Amino acid sequence: MKDLNLTVSDASRLLRKGEVSSRELTEAALERIQQDNGRINAFVTVCADIALRQADEADRRLRSGEEVSPLCGIPMGIKDNLCTRGVRTTCASRMLENFVPPYNATAVERLLSAGAVLLGKLNMDEFAMGSSSEHSIFGSVRNPWDTSRVAGGSSGGSAAAVAAGLCSFSLGSDTGGSIRQPASFCGVVGLKPTYGLVSRYGLVAFASSLDQVGPITRDVTDCALVLNEIAGHDPRDSTSVGRDTEDYTSGLDRDGMKIRVGLPKEYFETGIDEDVRNSVLKAVSMLEEAGAVSGDVSLPSTDNTIPAYYLISSAEASANLARYDGIRYGYRNPGARDVEELYRMSRGEGFGKEVKRRVLLGTHALSAGYQDKLYSKALKVRRMIAADFAKAFESCDVIAAPVYPTTAFRLGEKTGNPLEMYLGDIFTVGVNLAGLPALTVPCGLDRKGLPVGIQLIGRPFSENLLFMAGRAIERRMGRLKPENSGNMASDAPAEG
Amino acid sequence: MEADRDLVRKAAAMAMIELTGEEEAEFARDLGVIMDYMERISEMDTGDLEPMEHVLPVQNVFRDDVPEDSENTDELLKCASETKDGWYVVPSVVDTL
């Protein structure tokens with residue numbers, strides 16, 4: 001029997017040689033979803049008919065001999081906050097439970113034009129607000145490595161689906177770590193691109209100055225392949241940056257990297273699990289083997305990143321979510337007697353608990369008497385945080401850091417204590433406040449057998465360098481895979 | 001505690017979110033703890049730093065005003081719960097005589 005559970009690059013090679021068809025890959029993926037999704041709850045919508053139609057079209061393009069993208073014919077999953085034309089896009093919220101967008105998000109549109117096949121939509125924290133994918137009307141995503149644990153969040157479905165082999169790659173979104181942390185908890189690769197590199201058009205807005213769309217994949221090369229398709233200027237997103245296109249896969253397998261790696265001393269001082277620290281430091285030594293030199297750097301504002309992030313992101317969310325009025329789309333209370341009641345009831349019933357909590361926090365931070373003390377103050381601290389990173393990058397090229405203080409925690413462990421849940425985001429939110437790119441790559445297992453990820457943070461638009469560094473670790477580490485992740489071939493480290 | 005409950009009531013009124021009494025009590029408890037932590041930021045010395053709303057120099061994007069095809073009106077209206085003759089339906093906003 002053919003092994004059809006493949007990385008993007010392996011599947012692409014077989015498709016071009018005609019050794020496998022996109023229909024075969026797609027049917028096999030749909031079968032795996034049917035068998036295994038119940039266990040991890042990653043997909044919330046599966047669009048088999050659309051997927052098979054797209055697969056047949058991809059096969060036609062592959063056979064025609066035309067120049068096609070490496071993603072042509074590859075099955076993918078999309079986080080359920082990215083609009084997909086004709087396929088419901090719920091944000092895991094009652095508010096959008098029946099919302100069927102009449103258009104595609106630009107990132108989705110680009111992948112579909114490249115010939116990628118849409119298997120369905122992936123579970124998440126409601127409106128991307130959360131760090132565990134437990135705040136969802138569809139129930140919690142479970143970690144394929146240990147189903148009593150969370151998959152991370154908010155892109156938990158996107159990470160779990162890739163880790164469990166239900167799709168070759170997925171898209172997530174990252175406002176404060178929502179791609180990197182679940183990728184790390186599930187032992188896969190995730191990229192939060194530089195702010196402005198990928199269009200946000202069609203991404204349901206949470207905090208517009210922080211949100212970025214990015215790939216979650218099984219390995220670094222796949223991550224670069226997906227970024228090649230989704231990066232680039234989009235006139236429909238005024239914050240998307242006009243830059244020349246770049247091939248992010250170039251030079252990935254080159255060693256002899258003469259780069260300087262900075263270790264933020266504040267990140268390693270306190271409150272980090274010993275196994276996580278050791279795995280991250282071991283990965284840094286792998287970078288040294290590949291030619292890098294490492295040294296300490298300092299990010300002195302670290303203690304204030306959580307308040308700055310939660311005040312800014314919640315303030316932006318309170319403004320962005322004002323659009324849900326129950327009238328033009330989304331949940332509508334059927335019994336309201338006047339317009340104001342219609343707004344209040346529809347929003348009260350349509351939003352879940354965590355979303356309400358953040359909107360209230362954000363509204364308070366923007367209200368008269370508090371705006372200067374909270375919101376404006378947070379924006380000033382944001383400038384300090386961005387300056388910390390800029391200063392650190394004077395003495396290094398890449399910052400190596402943990403993604404999260406621990407590995408995946410247990411389901412329900414933090415839902416009763418929102419502040420504790422927020423505090424865990426300490427190592428990821430600074431990157432969003434400063435608009436930087438950051439890649440997470442698996443770098444080991446803790447003593448419970450759960451994956452640990454390292455976070456590689458770069459200067460704006462240095463994604464290619466991050467991929468090179470990530471690949472140097474991956475080549476020495478090998479890929480991590482949970483048991484029961486289908487019939488994926490096991491692969492030993494290629495060297496080292 | 002009563003101050004936290006007051007904060008929640010005011011914010012919910014401004015954000016136009018109907019809360020049950022139970023939710024009000026729960027959010028008052030949560031936000032009390034969360035704000036105690038977040039307010040540490042107001043003591044930071046930020047000198048004369050300007051607020052940073054955005055990482056990019058965001059500017060207004062001008063373009064010529066040329067008509068283009070946009071989304072199909074019928075499809076957009078289909079997203080709404082209640083429509084009539086191509087319009088959204090809302091409860092009456094003016095008092096009847």
Side-chain angles (χ1 to χ4, degrees), chain A residues 99-103 195-196 209 235 238-239 241 304 306-308 310-311 318 322 326-332 334 336-345 347-349 351 353 356-357 359-361 363-365 367 373-374 376-384 386 418-419 422 433-435, chain B residues 7-20 23 26-28 30-31 33-56 58-61 63 70-83 88-93 95:
Chain A
F99 175 57
V100 179
Y103 65 96
Y195 186 82
S209 82
S238 61
T239 61
V241 176
N304 289 292
I306 293 286
Y310 275 92
L311 291 169
S318 72
I327 295 170
R328 292 159 303 152
Y329 50 85
Y331 173 78
R332 174 177 179 142
R337 288 159 302 178
D338 59 49
V339 173
E340 195 169 307
E341 192 173 284
L342 175 64
Y343 297 153
R344 283 192 284 104
M345 302 297 284
R347 293 163 64 77
E349 292 163 10
F351 292 141
K353 207 183 273 183
K356 287 182 199 168
R357 201 181 281 128
V359 170
L360 294 176
L361 173 61
T363 304
H364 174 65
S367 64
K373 202 171 101 175
L374 297 172
S376 299
K377 193 72 178 180
L379 292 176
K380 290 176 186 172
V381 172
R382 179 181 192 176
R383 193 170 290 283
M384 293 173 81
L419 181 61
Y422 300 170
L433 291 169
Chain B
L7 179 159
V8 167
R9 276 198 205 111
K10 278 188 185 147
M14 284 188 284
M16 296 239 177
I17 296 179
E18 186 75 20
L19 298 179
T20 63
E23 282 178 319
E26 184 180 346
F27 291 141
D30 292 349
L31 287 177
V33 176
I34 292 168
M35 288 318 301
D36 277 350
Y37 182 80
M38 301 297 166
E39 273 168 5
R40 65 157 65 185
I41 205 170
S42 55
E43 275 131 50
M44 280 280 290
D45 179 9
T46 47
D48 53 2
L49 282 178
E50 287 293 310
M52 182 182 188
E53 277 99 359
H54 232 279
V55 293
L56 299 169
V58 184
Q59 295 156 349
N60 206 354
V61 180
R63 60 170 171 79
S70 61
E71 307 298 341
N72 182 312
T73 311
D74 291 338
E75 274 194 81
L76 291 174
L77 281 166
K78 264 192 249 161
C79 298
S81 296
E82 283 186 49
T83 59
Y88 296 117
V89 176
V90 293
S92 174
V93 288
D95 289 335

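For clarity, every value in this text was computed on a predicted model and none was experimentally measured. Protein chains get the first letters and strands the later ones, always in sequence-line order, with residue 1 at the start of each.
- Both the backbone and the side chain of A/Ala378 come within less than 4.5 Å of a heavy atom in chain B.
- Contacts of B/Asp45 with chain A are made by backbone atoms alone, with heavy-atom separations under 4.5 Å and no side-chain atom involved.
- Summarising the geometry of A/Ala336 relative to B/Pro91, their closest heavy-atom pair is O-CG, 4.1 Å, with the distance given to 0.1 Å.
- The contact between A/Tyr195 and chain B is made by backbone and side chain atoms together, counting heavy-atom distances below 4.5 Å.
- Atom CZ of residue A/Arg382 and atom CG of residue A/Leu311 lie 12.5 Å apart, to the nearest 0.5 angstrom.
- No other option in B/Leu77, B/Leu76, B/Val90, B/Thr20 has as many heavy-atom pairs under 4.5 Å with chain A as B/Val90.
- Heavy-atom distances place no part of A/Ala365 under 4.5 Å from chain B, backbone and side chain included.
- The closest side-chain heavy-atom distance from A/Pro307 to A/Val381 is not below 4.5 Å.
- Contact annotation for B/Leu31: only side-chain heavy atoms (C-beta onward) come within less than 4.5 Å of a heavy atom of chain A.
- Proximity to chain B (any heavy atom under 4.5 Å) is shown, for A/Thr239, by both the backbone and the side chain.
- Taking chain A as the reference chain and counting heavy-atom pairs below 4.5 Å, the highest number among B/Glu43, B/Met35, B/Lys10 is found for B/Met35.
- For chain B, the nearby parts of A/Ile306 are the backbone and the side chain; heavy atoms of each come within less than 4.5 Å.
- Chain B forms the most heavy-atom pairs under 4.5 Å with one residue out of A/Pro101, A/Ser367, A/Ser376, A/Ser209, and that residue is A/Ser209.
- Contacts of B/Glu53 classified as side-chain hydrogen bond (donor to acceptor under 3.5 Å, both in side chains), with partners at least two apart in sequence or in another chain: none.
- Contact check for A/Met384 versus A/Asn304: no side-chain heavy atoms found under the 4.5 Å cut-off.
- Listed by chain and number, the residues in a side-chain hydrogen bond (donor to acceptor under 3.5 Å, both in side chains) with A/Arg383 amount to none (sequence neighbours excluded).
- Chain A forms more heavy-atom pairs under 4.5 Å with one residue of B/Met14, B/Met38, B/Glu39 than with any other, namely B/Met38.
- Taking 4.5 Å as the limit, every side-chain heavy atom of B/Tyr37 sits out of range of all side-chain heavy atoms of B/Val33.
- When atom types are taken as modelled, the side chain of A/Glu341 and the backbone of A/Arg337 share a donor-acceptor pair closer than 3.5 angstrom.
- Interface remark: A/Leu342 contributes side-chain atoms only to the contact with chain B (heavy atom separation under 4.5 Å).
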